[in-house]
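A quick write-up on the structure given underneath.
Order of the sequence lines fixes the chain letters, A, B, ..., with proteins taken first and strands second; residue numbering starts at 1 for each chain.
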Amino acid sequence: MTDRSPVAEADICIVGAGPAGSLVADRLSGAGYRVVVLDAGPRFDPADRLERQERAIRPYYDRPDVWDGDPERDAYSATGEWFYPLNHARVKGIGGSTLHWQGMVMRLHEADFNSGSERGVGPDWPIDYADLRPYYADAEDELGVSGADVPFGPPREEPHPMGAFPPSYSDSLFAEACDELGIAMHPVPNARNSESYDGRSECVGYGTCQPVCPSGAKYDGTVHAEAAEAQGARVIDRARVTELEHGPNRIEAAVYVTPDGTEHRQEADAFVLAAGGVEIPRLLLLSESDHYPDGLANSSGLVGRYFMDHLFAGAGGRLDEPTRQNHVGFLTSESHQFYDDADEEFAPFKLEFFNYAGPSPVEMALTGDDWGDEQLERLRESYGTHVALGGLVEQLPREDSYIGLDPDRTDDLGNPVPDVHWNVGDRALRTIERVNEIQHEILEALGADIRWTAGPESTGPAYHHMGTTRMSADPSEGVVDANLRTHDLDNCWIASSSVFPTGGAMNPTLTIAALALKAADSIEASL
Amino acid sequence: MELTRRDAVAALAALGTGSAAAAGYHLSQRESADDADEAIDDERVRETLVAAAEVVYPSDLDGIEAFVRRFANGRLEDSAHAEGLRAAVAELDDHALSWYDGPFVDLSVDTRDSLLREIGADVADEVPDGTTAEQIRYYVVNELLLALYSSPKGGELVGIENPQGHPGGTDSYQRGPQR
């Protein structure tokens, strides 16, 4: 029977075993500290990944089924102007949402750290790109990033740990159209091994990166959870933290419930909240007290506020020639050319050139009411000539976009569920129209018959939960300081995209990892 | 195009032995082989899958029997998946006996096609613990289509030599079409 009892005399208790929590655990256990990590979800057996891949392909299984999502444990509400499909956006368990992520890892641009002063909207971060630059390099080494210089990216000090994946055949088709339009394409930094790295396989092309990589070539948080355990850290799965017991200035214990219903208390000298941009504010709000009547670490009143995601903008169509899609499940080319044109009116955005446009033949074969020759004819007609462009667009932080507690609904432990109240704003929607215009220009130059557009009316979230415990030097304007320590509590740090004051338009995980390493330094200095 | 046992091994390498339905999906709640007149042995499963493949696979494929038998052997190694597979085949045979007076494998290809459609396996969604039509769709029809179209040979029929689910490396995505 698995021992899920608390660790005696722990130095650090980390809530959440995703990439942020696992990186902090690895770093601090490596420095000799006694570390315990509590995660609400299970420990997945790596041997099950082929079966999870089958779930990803077969139509019976919905996305949350791939990683054993539990609708009672993960119950939530979505009351904003925009519906938010939360349980498609996250995985609970050792490794966290990196188990199902795409694996794109870009650094934010310098201006992203100074949106207010550079673009005239939103707050500035209390740190600059230069502050995070060494941590970015460290994070790239830890995750294993395959990449090459990006002409529009911020300055780097050294190459990526691995060379970039070569461009796809369809990239070469796009390149002709982009040349004509003066749009530069460049490689994508991938947390995916282009060669064997750190004992993990090179990519073998399963093509199901989202939501599962059976080979382990795609980085996920289990890498550092396991490394931390090898250094003596204790990682406890299915340990649902329900409350943080505290005094006026310190957290004393994390209260957690194990599958048999037993409630435990994990005491520690320092606590790190690394459970993502939804569950971190929820846990703080659930931990209200006489001293913190509006929620723990919430003297600013901003816990849960400013919930942001990236918006998807896309368009696609068909050519009259083969485009060789769906061989792999990752991207090899993007364009960040327009990123730093952002201002008050238009948000930063990036363009993505898809390698998996249109349907996958095997998934198509499992649906429909045909088989045999008739089905093969349908598959041949449906597959082979698709092209598509995607893009991410920044949304600004808004006070009316937030994570709260739903007072009318509880989970299976009787605690109020998170309410994802997601509102977007005109700047993002206006920018999506601009992105669509560029995408249509490229598709038209390519000679594509445009079949679909994901525009302002049909956009959706990219599943990047940001902003809900924002970072600020001013305790009245943020929940954590520039060292990721909460303003209210001396022994509580937050490692998550929840601390982002603004989101930029780059996939957030490399920045999450860099901030986690920064937080680890801060914790170590304080102990 | 010729399918071989090696192609089946490739399909198994991609898909594993098939316990996607095992964790979190409670096959024990499904009406199982008990409903059939008698238990189905694994040889009957193999020959029934071959007979069904002759219906659901494209007509210009050769080597179906060796491919399906090898694939079925792998899938029968997983006890949870094998239980569902045996139960679905038992249901299929039960209907063949009731409606056409013989086991599925003894029917003509056209009659097998008709039977699968009369059961509703053509229009049903796959559900491992669902109705008879849904189970047969999951464990027989889609099982076979998954094996074929996640393999390189099946993918090549459609124009993709490294289909989703197959670890075919990182060269093919860079290559242009074979003209």
Side-chain angles (χ1 to χ4, degrees), chain A residues 47-61 65 68 70 165-172 194 202-208 214-215 321-329 332 355-356 360-373 375-377 379-380 382-384, chain B residues 13-25 55-60 78 81 113 116-117 121-128 130 134 137-138 141-142 144-146 148-151 154-155 157-179:
Chain A
D48 291 341
R49 288 198 175 186
L50 283 178
E51 283 76 21
R52 298 188 189 284
Q53 176 180 257
E54 183 174 335
R55 290 188 201 171
I57 294 171
R58 296 194 80 138
Y60 173 67
Y61 303 95
D65 298 330
D68 302 347
D70 178 341
F165 284 92
S168 64
Y169 173 71
S170 60
D171 289 339
S172 72
S194 61
E202 66 181 323
C203 175
V204 296
Y206 273 108
T208 55
S215 75
E321 61 178 308
T323 57
R324 308 278 295 160
Q325 298 295 287
N326 282 298
H327 290 248
V328 290
T332 43
N355 290 329
Y356 41 81
S360 151
V362 60
E363 290 185 19
M364 230 184 336
L366 305 185
T367 56
D369 55 6
D370 51 7
W371 49 55
D373 291 339
Q375 179 181 68
L376 179 57
E377 191 177 336
L379 300 185
R380 285 173 170 165
S382 304
Y383 170 77
Chain B
L15 297 168
T17 52
S19 54
Y25 297 87
V55 174
V56 303
Y57 281 3
S59 58
D60 66 349
D78 180 85
H81 190 80
D113 186 297
L116 285 168
R117 292 180 194 278
D122 55 339
V123 295
D125 292 332
E126 62 162 28
V127 183
E134 290 166 340
R137 176 76 183 223
Y138 187 95
V141 175
N142 277 5
L144 290 163
L145 295 173
L146 180 65
L148 178 62
Y149 288 110
S150 67
S151 76
L157 289 172
V158 190
I160 177 170
E161 65 272 30
N162 182 26
Q164 201 177 36
H166 179 71
T170 54
D171 290 333
S172 73
Y173 84 86
Q174 303 173 49
R175 284 198 295 266
Q178 308 295 314
R179 297 184 190 277

Heavy-atom pairs under 4.5 Å with chain B: which of [options] has the most?
options                        : answer
A/A47, A/S194, A/P361          : A/P361
A/Q375, A/E377, A/R49          : A/Q375
A/S168, A/S382, A/G207         : A/S168
A/S172, A/S215, A/G368, A/G329 : A/G368

[X] versus chain B, heavy atoms under 4.5 Å apart: side chain, backbone, both or neither?
X      : value
A/F165 : both
A/P59  : both
A/T332 : side chain
A/I57  : side chain
A/E202 : neither

Using a distance-only test with no angle check, is there a side-chain donor-acceptor pair under 3.5 angstrom linking B/S59 and A/D373?
->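 Side chains of B/S59 and A/D373: pair found under 3.5 Å.
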Compute whether any side-chain donor of one residue and acceptor of the other, for B/E161 and B/S172, lie under 3.5 angstrom apart.
->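 No.
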Side chain, backbone, both or neither: which part of [X] has an atom under 4.5 Å from a heavy atom of chain A?
X      : result
B/E134 : neither
B/D171 : neither
B/L148 : neither
B/N142 : both

If we define contacts as heavy-atom pairs under 4.5 Å, which of [options] has the most with chain A?
options                        : answer
B/L116, B/L146, B/D113, B/V141 : B/L146
B/T170, B/L144, B/D125         : B/T170
B/D60, B/V55, B/V158           : B/V158

Can you confirm whether [X] sits close enough to [Y] that some side-chain heavy atom of one is under 4.5 Å from a side-chain heavy atom of the other?
X      : Y      : value
A/L376 : B/Y149 : yes
A/Y206 : A/L50  : yes
A/Y169 : A/P322 : no
A/Q325 : A/S170 : yes
A/T208 : A/P214 : yes

Is it true that a side-chain atom of B/N162 and a backbone atom of A/G205 form a donor plus acceptor pair closer than 3.5 Å?
->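 Pair found, side chain donor or acceptor close to backbone of A/G205.
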Is any side-chain N of the basic residue among A/D68 and A/R55 closer than 4.0 Å to the acidic one's carboxylate O?
->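 Salt bridge between A/D68 and A/R55, a charged N being under 4.0 Å from a carboxylate O: yes.
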Could you check whether the rings of A/Y60 and B/Y138 sit parallel, tilted or perpendicular, using 30° and 60° as the cut-offs?
->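 Answer is perpendicular, since the angle exceeds 60°.
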